[in-house]
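By convention here, the first residue in the shown sequence is residue 1. The basis for the numbers below is simple: all heavy atoms, side chains too, and nothing from hydrogens, waters or symmetry mates.
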Amino acid sequence: TTEKEVSPIDKLLGKMNWSPPFLRMTLFEFECSRLLNAEWVERFATLDSEFEICGWHSVSSDEFEKLVTENWIPSELHPKRHLPLGLDKRKSIPNLCLAVRHKGNLVGWHITHELSNLTARFSVTYVKPSLQQNLILLMLWYHAATQANTIGYKKIKMGVSVRHRQMMAFCET
């Protein structure tokens, strides 16, 4: 609904003392082929030699345990909360779960869950804040989208919290 209209369900929930609805997240849907053919995508096809993107399966148990002690990771984005199942109990897609290392150290990840046999959801992508200016997040998306397209997914969905204004602006653009 919009601010000007109130749906019958909103009226019913209001009578039951539910709070008024508010925008919490915007959902985006991309066609893999359109995303991979966008003009700007080529800029994210290659990495600086200090970085390496690889499958999440390459993350050792020691590296994973070390992440628990890191203070740069918001608890809501920690991979332990999203692997092997998402918060909605959707299974992750191993070929589309990636790790990124900087000079050999694990500094980010991308986790994808399956919504259907044709649609993948980019659920969590996070890069250490001190390295975010390098746009590694977009490189993770590029690599995951390339792989998604290769194995037969046609669409990618993702949600962005309204709290993350810069990410919202980027995705809307």
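Inter-residue side-chain proximity for L35 and W141 is flagged as unmet; no heavy-atom pair is nearer than 4.5 Å. Side-chain contact between R90 and S123 is absent, with no heavy atoms from C-beta onward closer than 4.5 Å.
Applying the salt bridge (Lys or Arg N to Asp or Glu O under 4.0 Å) definition to pairs two or more places apart or across chains, none involves residues 127-147. Each salt bridge (Lys or Arg N to Asp or Glu O under 4.0 Å) pair with one or both residues in residues 59-75, not counting sequence neighbours, appears once here: E63-R101, K66-E70. Among residue pairs with one or both ends in residues 104-113, none qualify as salt bridge (Lys or Arg N to Asp or Glu O under 4.0 Å); sequence neighbours excluded. Sequence neighbours left out, not one pair with a member in residues 164-173 passes salt bridge (Lys or Arg N to Asp or Glu O under 4.0 Å). Judged as a ring-ring contact (aromatic ring centres under 6.0 Å, His included), the pairs with a partner in residues 48-77 (not counting sequence neighbours) are, in order, F51-H102, W72-W109.
Under a hydrophobic-cluster definition in which Ile, Leu, Val, Met, Phe, Trp and Tyr are linked whenever side-chain heavy atoms come within less than 4.5 Å, directly or via other members, V124 and M168 are assigned to different clusters. L47 and V59 end up in different hydrophobic clusters when Ile, Leu, Val, Met, Phe, Trp and Tyr side chains are linked at under 4.5 Å. Hydrophobic clustering (ILVMFWY, side-chain heavy atoms < 4.5 Å, transitive): L98 and I73 are in distinct clusters. In terms of hydrophobic clustering, with Ile, Leu, Val, Met, Phe, Trp and Tyr side chains grouped at heavy-atom distances under 4.5 Å, V100 and I111 are assigned to different clusters. F122 and L83 fall into different hydrophobic clusters, defined by Ile, Leu, Val, Met, Phe, Trp and Tyr side-chain heavy atoms under 4.5 Å apart, directly or through other members.
Residues passing the side-chain contact (heavy atoms from CB on, under 4.5 Å) test with A38, sequence neighbours excluded: W40, V41. Taking K154 as the reference, nothing meets the salt bridge (Lys or Arg N to Asp or Glu O under 4.0 Å) condition, with sequence neighbours excluded. Not a single side chain to side chain donor-acceptor pair (under 3.5 Å) links S92 to another residue, sequence neighbours left out. The side-chain contact (heavy atoms from CB on, under 4.5 Å) search around L87 returns R81, H82, not counting sequence neighbours.
Atom OH of residue Y153 and atom CD of residue Q147 lie 10.5 Å apart, to the nearest 0.5 angstrom. Atom NE2 of H110 sits about 10.0 Å away from atom CD1 of I53, to the nearest 0.5 Å. To the nearest 0.5 Å, atoms CG (L13) and OG (S7) are separated by 7.5 Å.
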Identify each donor-acceptor pair in which a side-chain atom of residues 130-140 lies under 3.5 Å from a protein atom, sequence neighbours left out, and give them as a table.
unit_1 : atom_1 : unit_2 : atom_2 : d
Q132   : NE2    : V127   : O      : 2.7
Q133   : NE2    : S130   : O      : 3.2
N134   : ND2    : L131   : O      : 3.4

Show every donor-acceptor pair shorter than 3.5 Å between a side-chain atom in residues 14-32 and any protein atom, with sequence neighbours excluded, or say none if there are none.
unit_1 : atom_1 : unit_2 : atom_2 : d
E29    : OE1    : K157   : NZ     : 3.4
E29    : OE2    : K155   : NZ     : 3.3

- Task: Under the side chain to side chain contact (heavy atoms under 4.5 Å, CB included) rule, what do R121 and D88 come out as? Steps first, then yes or no, please.
- Result: CA-CA 12 Å; R121 180 184 65 221; D88 61 355; 2.6 Å; yes
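Apart from L118 itself, the hydrophobic cluster it occupies contains nothing, where clustering links Ile, Leu, Val, Met, Phe, Trp and Tyr at side-chain heavy-atom distances under 4.5 Å.
Judged purely by atom type and a 3.5 angstrom limit, T112 uses its side chain to pair as donor or acceptor with the backbone of L96.
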